[in-house]
2 protein chains.
Amino acid sequence: MTDNPYEASPERRAQRLAETAPTECDVRVGRLVTDLIGRVADKWTMIILEVLEEHKELRFTELARKVEGISQKMLTQTLRHMERDGMVTRTIHPVIPPRVDYRLTPLGLSLGAAFCGVWIWAEKNLTEVEAARTAFDAR
Amino acid sequence: MTDNPYEASPERRAQRLAETAPTECDVRVGRLVTDLIGRVADKWTMIILEVLEEHKELRFTELARKVEGISQKMLTQTLRHMERDGMVTRTIHPVIPPRVDYRLTPLGLSLGAAFCGVWIWAEKNLTEVEAARTAFDAR
DNA sequence: TGGGCCGCTCTCCTTTTGGTGCGTATAAAT
DNA sequence: ATTTATACGCACCAAAAGGAGAGCGGCCCA
């Protein structure tokens, strides 16, 4: 990506203003949104988000068990990213076997809610997507 | 990813049933959502989706120019994935310099609409995320 | 004395991802 | 005769992601 596709074409911006804009979101935020979505939407973040929505507070090994399939490395890494983005809080209890609790912040919860739309879409259009795939593969 | 985390743990499913499940979605939906998000979250799909929302029909090289930075390989690949999932239609005109037109299906349009929620979330919480990041990095 | 628990971190190693560039068919244009 | 334009497919290579497993620090229990 040499430079930003969101600002490239003046006609495109004109069109955006002329038409009933399909997304009324600001164009310049677009890059950051893409970035954010890319970061937030990977496989593990979603699952961890979901698990932490159910059980509001979990420690490291509990998460590792619930997520089931994640490596320690990925769990640590994902949790750090989520912490950095303000999605989870990490509280260390200085006890004898170390204990660290993770829980969602309001920000994290709201993200989960935002993704609910996609979730519902997937639920609604599941069969259509699967049909499209099998039709495509059968050619 | 050795196997599917959504079907792996019996205790988790039991737990899901026992509690007031916050998402009542089917397991296949979960897989599709993860899969879908993983796909849409890649760098190019989102941008192509957006570009095709604005100009409803575009040919290959037009897309290549609008997206600006994408390699031919990635453009082809991403379009094939989107076609397989039923997001775009691909019409080949058997003319002398080949001509192929791409446009969004209703399914593709509705997906764009579904992701609008996440888009809006990101737009709304952008500053908060950035603040969290700088705060985290300053430690 | 020697495990074992917990929450990591670090070091390999393999897999995946993505870019570059070449080949291809075909007819019109030069 | 050669070039040009179009929409790719294919082979090759570099970079990044991600998994496996070892180590570690400190205290408790046998």
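The sequence lines fix the lettering, A, B, ..., with proteins before strands; numbering per chain opens at 1.
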What is the distance from CE of Met74(A) to C1' of dG21(D), rounded to the nearest Å? 15 Å

Taking C-beta and beyond as the side chain, do Thr105(B) and Val88(B) meet within less than 4.5 Å on heavy atoms? no

Between the side chains of Asp101(A) and Arg99(A), is the shortest nitrogen-to-carboxylate-oxygen separation below 4.0 Å, so that they form an ion pair? yes

Would you mind checking if Glu83(A) and Arg80(A) are paired as a salt bridge, meaning a charged N to carboxylate O distance below 4.0 Å? yes

Hey, quick one: are Val100(B) and Trp44(B) part of the same hydrophobic cluster, counting side-chain heavy atoms closer than 4.5 Å, chains of contacts allowed? yes

Working to the nearest 0.5 angstrom, can you tell me the gap between Leu79(B) CG and Leu63(B) CG? 6.0 Å

Indicate for each nucleotide in nucleotides 3-9 of chain D, in 5' to 3' sequence, whether protein heavy atoms under 4.0 Å reach the base (B), only the sugar-phosphate (S), or nothing (-). ---BSBS

Compute the angle between the rotation axes at the two ends of the helix from dT1(C)-dA30(D) to dT30(C)-dA1(D), each taken over five pairs, rounded to 10 degrees. 40°

Value in whole Å for how far the C1' atom of dT15(C) lies from NZ of Lys43(A): 13 Å

In whole angstrom, give the distance that lies between atom CD1 of Ile70(B) and atom P of dT20(C). 12 Å

Test log, rule side chain to side chain contact (heavy atoms under 4.5 Å, CB included), inputs Phe115(A) and Val118(B): CA-CA 6 Å; Phe115(A) 265 102; Val118(B) 185; 3.9 Å; yes

Do Thr45(A) and Asp42(A) have a side chain donor and acceptor closer than 3.5 Å? yes

In whole angstrom, what separates Ile92(B)'s CD1 from dA25(C)'s P? 17 Å

Have a look at Arg103(B) and tell me which of Glu62(B), Glu57(B), Glu54(B) forms a salt bridge (Lys or Arg N to Asp or Glu O under 4.0 Å) with it. Glu57(B)

Lys73(A) NZ - dG23(D) C1' separation (whole Å): 16 Å

Would you mind reading off the distance between Asp42(A) atom CG and dA17(D) atom P, rounded to a whole angstrom? 11 Å

